[in-house]
Undergrad: 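Just dropping this structure here.
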Number of protein chains: 2
Amino acid sequence: MRISQLSAASGVPIPTIKYYLREGLLPPGEQTSATRAEYDVGHVRRLRLIRALLEVGRLSIASIRKVIAAVDDEDLGMHKVLGTAHYALAPAVEAHEDDEEWRRARAEADRLIADLGWRIDPGAPTRDELAQAILTLDRLGMPATGEALRPYAAAAIDLVVEHEIGTIPIDGPREAAVEALVVGTVVHGRVLDILRRLAHESVSARFFGVPES
Amino acid sequence: MRISQLSAASGVPIPTIKYYLREGLLPPGEQTSATRAEYDVGHVRRLRLIRALLEVGRLSIASIRKVIAAVDDEDLGMHKVLGTAHYALAPAVEAHEDDEEWRRARAEADRLIADLGWRIDPGAPTRDELAQAILTLDRLGMPATGEALRPYAAAAIDLVVEHEIGTIPIDGPREAAVEALVVGTVVHGRVLDILRRLAHESVSARFFGVPES
DNA sequence: GTCATTGGCTAGCTGTACTATCCAATAATG
DNA sequence: CATTATTGGATAGTACAGCTAGCCAATGAC
């Protein structure tokens with residue numbers, strides 16, 4: 001398969017494929033001569049992964065590179081790979097260590113996690129993300145205690161345990177499992193968010209008494 | 001309150017405040033002379049709203065402008081304002097009307113919404129977003145039927161009905177209610193996403209047998 | 001009277017995700 | 001075998017977002 005065919009098969013323009021090659025998101029094709037390289041279905045797959053992370057997961061190219069490096073590292077365990085994807089999804093909230101308010105929010109986040117009995121790396125950036133969300137809710141005068149957030153945590157754990165982790169093809173090849181895990185994490189997150197907004201619209205229509213169209 | 005005090009009170013640098021004024025996100029202060037304008041707590045509040053939508057909600061400046069215009073429009077009903085926020089959160093997925101695969105995914109999305117009995121505007125961009133997510137899952141060989149997504153829908157509706165819509169201060173001033181609604185929608189969405197990723201990490205640690213640290 | 005601050009303006013900067021163009025080497029085609 | 005198209009590789013340019021910086025005359029505080 002040549003680059004033009006790869007482009008046709010994936011729907012990604014040639015210059016963009018070249019860009020991904022340069023950026024190390026896509027492994028180079030097998031060189032058959034100085035001006036020809038051969039690509040295969042693995043490259044089509046990889047492009048699908050990239051586009052899924054990019055368009056649905058809204059990851060940056062830099063984050064995708066990290067995720068892909070983890071996926072490709074055969075020595076990395078599943079948990080580590082998934083962790084890389086999680087951390088790539090956490091959008092680099094810089095902690096304001098010196099801020100009193102911030103430290104309170106961060107403590108609240110840590111407490112919630114501890115109360116739930118969840119096993120989370122103490123250095124996980126997700127903790128900072130949670131702290132920022134709590135801080136924002138606080139500042140806007142909305143309830144952001146562990147009590148208020150518990151229903152969200154319950155929903156989250158149910159969905160993850162019963163639905164997502166359960167559908168991973170553990171028996172298949174490592175690559176398939178890792179990809180399912182990473183993409184599933186990212187895409188299911190968006191699905192849930194979309195459905196929540198749809199539910200919101202629907203409930204709001206009834207609640208605020210918009211007439212049936 | 002002058003601009004430097006507004007900056008100090010909100011933590012937003014003066015040049016950025018000037019930028020928001022230019023962009024129409026922040027209403028101009030009351031002119032007291034050619035070189036002086038007076039700002040008040042409303043401006044601090046507004047800056048908090050902007051930063052929440054920007055940093056937590058990850059909305060673009062253009063989207064925030066639309067949301068704010070809706071919030072400020074006294075003639076607009078709650079449902080309309082909330083709709084504006086929802087649509088601002090839907091990240092402009094352009095529909096590929098001519099693509100057979102796409103039309104199938106969109107039909108699946110519409111069917112799921114109809115089956116759930118949800119009242120969603122037929123022109124809601126959220127429908128397209130859902131279609132794209134379904135399409136992505138499909139392409140990666142993951143289940144994306146109504147059946148598979150039902151648990152997510154159930155979780156979404158429970159959270160929205162029981163938790164979010166319930167906590168809106170309907171009795172207070174319109175502005176407070178609208179703001180709570182809009183920000184709540186945005187921030188709660190992120191909270192749920194964050195908690196889901198945390199749950200994922202925790203479950204994954206157990207599932208893949210990472211030793212207790 | 002001096003000096004810092006303000007609003008308003010225009011211009012510049014940084015980062016991200018591409019696009020476009022050029023080139024010589026090669027492959028396909030008649 | 002001659003012509004035409006395509007390829008990989010490289011470099012440069014584009015478009016947009018979200019600020020950031022500098023300048024200016026007017027003004028206000030001390």
Side-chain angles (χ1 to χ4, degrees), chain A residues 1-40 43 46-68 88-89 91-94, chain B residues 1-40 43 46-68 88-89 91-94:
Chain A
M1 188 186 283
R2 285 164 307 203
I3 200 172
S4 54
Q5 294 171 287
L6 178 58
S7 170
S10 65
V12 179
I14 292 179
T16 305
I17 292 176
K18 286 182 170 187
Y19 169 65
Y20 291 160
L21 285 167
R22 280 199 304 279
E23 292 295 317
L25 302 191
L26 200 58
E30 201 197 336
Q31 284 280 49
T32 61
S33 87
T35 63
R36 210 125 299 198
E38 191 68 15
Y39 303 92
D40 59 20
H43 289 92
R46 173 56 55 90
L47 277 176
R48 267 211 284 271
L49 175 61
I50 294 170
R51 300 305 274 198
L53 295 178
L54 198 63
E55 292 171 5
V56 182
R58 323 222 142 252
L59 300 200
S60 68
I61 295 292
S63 297
I64 293 175
R65 186 171 28 234
K66 280 182 209 150
V67 172
I68 278 177
L89 279 169
V93 156
E94 84 279 20
Chain B
M1 188 185 286
R2 287 165 308 213
I3 199 171
S4 54
Q5 295 171 284
L6 178 58
S7 170
S10 64
V12 179
I14 292 179
T16 306
I17 292 176
K18 287 182 170 185
Y19 169 65
Y20 292 161
L21 286 166
R22 281 200 303 279
E23 291 296 317
L25 303 190
L26 201 59
E30 201 195 338
Q31 285 280 48
T32 60
S33 87
T35 63
R36 210 125 299 196
E38 191 67 16
Y39 303 93
D40 58 21
H43 289 92
R46 174 54 57 90
L47 277 176
R48 268 212 282 271
L49 175 60
I50 293 171
R51 299 304 274 199
L53 294 178
L54 199 60
E55 291 170 5
V56 183
R58 324 221 141 252
L59 298 201
S60 68
I61 296 291
S63 296
I64 293 174
R65 182 168 34 230
K66 281 183 208 150
V67 172
I68 278 177
L89 279 168
V93 156
E94 86 280 21

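By convention in this document, chain letters (A, B, ...) are assigned in the order of the sequence lines, proteins followed by strands, and residues within each chain are numbered from 1.
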Undergrad: What residues in residues 5-25 of chain A put a non-hydrogen atom under 4.0 Å from any atom of DNA chain D?
TA: A:K18, A:R22
Undergrad: Mind calculating the distance between CG (B:L26) and C1' (C:dG8) to the nearest angstrom?
TA: 15 Å
Undergrad: Please name the pair of heavy atoms, one in A:S10 and one in A:I17, separated by the smallest distance, quoted to 0.1 Å.
TA: OG-CD1, 4.4 Å
Undergrad: For a quick test of reading the model, state the closest non-hydrogen atom pair linking B:A88 to B:V67 and the distance between them.
TA: CB-CG2, 3.6 Å
Undergrad: For residues 29-37 of chain B, which residues have at least one heavy atom under 4.0 Å from DNA chain D?
TA: B:S33, B:A34, B:T35, B:R36
Undergrad: For the residue pair B:I61 and B:Y19, establish whether any side-chain heavy-atom pair is separated by less than 4.5 Å.
TA: yes
Undergrad: Using heavy atoms and a sub-4.0 Å distance, could you list which residues of residues 59-68 of chain A are near DNA chain C? By number, please.
TA: A:S60, A:I61
Undergrad: Which heavy atom of B:I14 sits nearest a heavy atom of B:S4, and at what distance?
TA: CD1-CA, 3.9 Å
Undergrad: Minimum heavy-atom separation for B:L54 and B:L59, please, with both atom names.
TA: CD1-O, 3.3 Å
Undergrad: How about B:K18 and B:I3: do any of their side-chain heavy atoms sit closer than 4.5 Å?
TA: yes
Undergrad: Given side chains that start at C-beta, do those of B:R65 and B:L25 come closer than 4.5 Å, heavy atoms only?
TA: yes
Undergrad: For the residue pair A:Y20 and A:R51, confirm or rule out a side-chain donor-acceptor distance under 3.5 Å.
TA: yes
Undergrad: Are the side chains of B:P27 and B:H43 in touch, meaning some heavy atoms are under 4.5 Å apart?
TA: yes
Undergrad: So do the side chains of B:I68 and B:I50 get within less than 4.5 Å of each other, counting heavy atoms only?
TA: yes
